[in-house]
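Throughout, numbering of the chain's residues begins at 1 and tracks the sequence. These numbers come from a predicted model, not from an experiment.
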Amino acid sequence: MARRTDVTSLVRRALDGEQLAVARLISLVEDAGPGLREVAAALAPHTGRAHVVGLTGPPGVGKSTTTSALVTALRKDGRRVGVLAVDPSSPFTGGALLGDRVRMAEHATDPGVFIRSMATRGHLGGLAWSTPQALRVLDAAGCDVVLVETVGVGQSEVEVVALADTTVVLLAPGMGDGVQAAKAGILEVADVFAVNKADRDGAGRTLRELRQMLTMGQRGAGDGWTPAVVPTVATRADGVAELAAALDEHRAHLDAGDGRERRRLARARAEIEALALETVRVRIGDLRGSVALPELAARTVAGELDPYRAADELVGAVRPDPPR
């Protein structure tokens, strides 16, 4: 854990692209250490330049392989790349395999690539709680593109869309009716579709179904963008250059209007709201050791209060912030 006097030095070194300093800042962020607010304040003027790309999709679709192949393609263009790969935490031990660094080992010695595996620690939505703050560190450290790889998600775990400038949804043939499964959730969040393992039987059908659904549903963010559908075989890097080009096209589309600004404003709103709710949650947790909550529970059971009014009284008892 960095001492308070170390934060300024760590931030300065991270801004210079020093990987050790970047790693220590992300660790501080993940642990919600005492220097977290100071770090956030120091990084704020240096963020907002990176293109944030979220990659999501069902388990086994090849997200890590596609992410690694994208890193290779982006590095060929001379771009600095950050990767935040989120792995699920064990419900029994709380640990996580964090195997993405193993799968992306070919980039480990590249000074233009920073890869960090993060555990969800029980957080739902496909991301870790600290992902937005870690993203700020990589952005400030000079990454041109930050790839955020979620855990394998279902129809409702689409939190990455609130974080990314461009969201890539990966599907694969031979995994059941993948397109049908996507309709109710992840289909709506994609800016780009990648049909990975496109050398398998059924790939043509999956591509046709996706394109047909997009045409019939007029899927779009209301800004005139129609999601690209790109076939890939990430293990051979087939189609990965086309996927990278689709990401650039979407970024250019956002920059041509106010799409990028709108998405980043929405991201900031979501982050501020999440931090405010966490603060309130912690303060309400502090009341569990006081007499307020048991008394309110007893009065509710006795019929003197309804649960809504009891909740109002509990929120009213939350201690205010001490003067700064």
Side-chain angles (χ1 to χ4, degrees), residues 1 4 26-41 43-44 54 56 84 86-96 118-136 148 150-164 167 181 183-186 188-189 262-324:
M1 183 65 65
R4 183 176 180 84
I26 293 180
S27 294
L28 191 154
V29 161
E30 284 191 289
D31 295 336
L36 179 56
R37 288 175 179 265
E38 187 179 351
V39 170
L43 293 177
T56 190
L84 295 175
V86 184
D87 280 339
S89 297
S90 166
F92 303 104
T93 66
M118 308 178 73
T120 58
R121 301 185 182 183
H123 185 78
L124 301 179
L127 299 177
W129 176 87
S130 55
T131 304
Q133 290 75 36
L135 171 59
R136 287 177 179 273
V148 182
T150 74
V151 301
V153 298
Q155 295 184 16
S156 60
E157 295 165 300
V158 291
E159 191 174 289
V160 69
V161 73
L163 189 71
T167 300
K183 283 183 183 177
I186 57 175
E188 286 83 357
V189 308
R262 285 191 293 106
R263 291 189 181 212
R264 298 207 162 187
L265 285 171
R267 180 192 308 170
R269 287 197 298 268
E271 187 175 357
I272 293 167
E273 180 181 7
L275 290 172
L277 288 174
E278 181 63 20
T279 299
V280 172
R281 189 177 297 114
V282 169
R283 292 177 186 172
I284 287 178
D286 291 342
L287 294 176
R288 290 175 181 166
S290 71
V291 297
L293 187 55
E295 284 184 357
L296 289 170
R299 291 172 64 193
T300 301
V301 170
E304 298 174 15
L305 287 176
D306 63 80
Y308 291 95
R309 191 162 160 206
D312 289 340
E313 291 195 21
L314 182 63
V315 171
V318 172
R319 59 180 174 78
D321 242 345
R324 294 189 181 279

Peer 1: Quick check for you: to the nearest 0.5 Å, what is the distance between Leu163 atom CG and Thr56 atom OG1?
Peer 2: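 Here the interatomic distance stands at 11.5 Å.
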
Peer 1: Residues in side chain to side chain contact (heavy atoms under 4.5 Å, CB included) with Leu277, at least two apart?
Peer 2: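 For Leu277, the residues satisfying side chain to side chain contact (heavy atoms under 4.5 Å, CB included) (neighbours in sequence not counted) are Glu273, Arg281.
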
Peer 1: What are the two closest heavy atoms between Leu84 and Thr131, and how far apart are they?
Peer 2: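 Closest approach of Leu84 to Thr131, heavy atoms only: CD1-O, 4.0 Å.
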
Peer 1: With sequence neighbours left out, what residues match Glu295 under side-chain hydrogen bond (donor to acceptor under 3.5 Å, both in side chains)?
Peer 2: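 By the side-chain hydrogen bond (donor to acceptor under 3.5 Å, both in side chains) rule, Glu295 matches no residue at all.
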
Peer 1: Under 3.5 Å, is there a donor on one side chain and an acceptor on the other for Glu271 and Gln133?
Peer 2: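 Short answer, yes.
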
Peer 1: Testing the basics here: between Ala164 and Gly54, what is the closest heavy-atom pair and its distance to 0.1 Å?
Peer 2: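 Scanning both residues completely, I find the closest heavy atoms to be CB-N, 3.5 Å.
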
Peer 1: Can you sort out the partners of Arg269 under side chain to side chain contact (heavy atoms under 4.5 Å, CB included), two or more places apart, ordered by chain and number?
Peer 2: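 Testing Arg269 for side chain to side chain contact (heavy atoms under 4.5 Å, CB included), a comparison that skips the adjacent residues, returns Leu265, Ala266.
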
Peer 1: Could you tell me which non-hydrogen atom of Ile26 sits nearest to which non-hydrogen atom of Ala134, and how far apart they are?
Peer 2: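 Ile26 and Ala134 have their closest heavy atoms at CG2-CB, 4.0 Å.
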
Peer 1: Flag the pair Leu36 / Leu28 as yes when at least one side-chain heavy-atom distance between them is below 4.5 Å, and no otherwise.
Peer 2: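 They are in contact (side-chain heavy atoms under 4.5 Å apart), so the answer is yes.
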
Peer 1: Is a side-chain N or O of Arg299 found less than 3.5 angstrom from the main chain of Glu304, in a donor-acceptor match?
Peer 2: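 Pair absent, no side-chain N/O of Arg299 close to backbone of Glu304.
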
Peer 1: Calculate, to the nearest 0.5 Å, the distance between atoms CZ and CG belonging to Arg136 and Leu43 respectively.
Peer 2: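 Rounded to the nearest 0.5 Å, the CZ-CG separation comes to 8.5 Å.
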
Peer 1: Got a sec, which residues hit salt bridge (charged side-chain N to carboxylate O under 4.0 Å, His left out) with Arg309, two or more places apart in sequence or on another chain?
Peer 2: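 Result, salt bridge (charged side-chain N to carboxylate O under 4.0 Å, His left out) vs Arg309: none returned.
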
Peer 1: Measuring only between side-chain heavy atoms, which start at C-beta, is Leu305 closer than 4.5 Å to Thr300?
Peer 2: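 Side chain of Leu305 against side chain of Thr300, heavy atoms only: contact under 4.5 Å found.
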
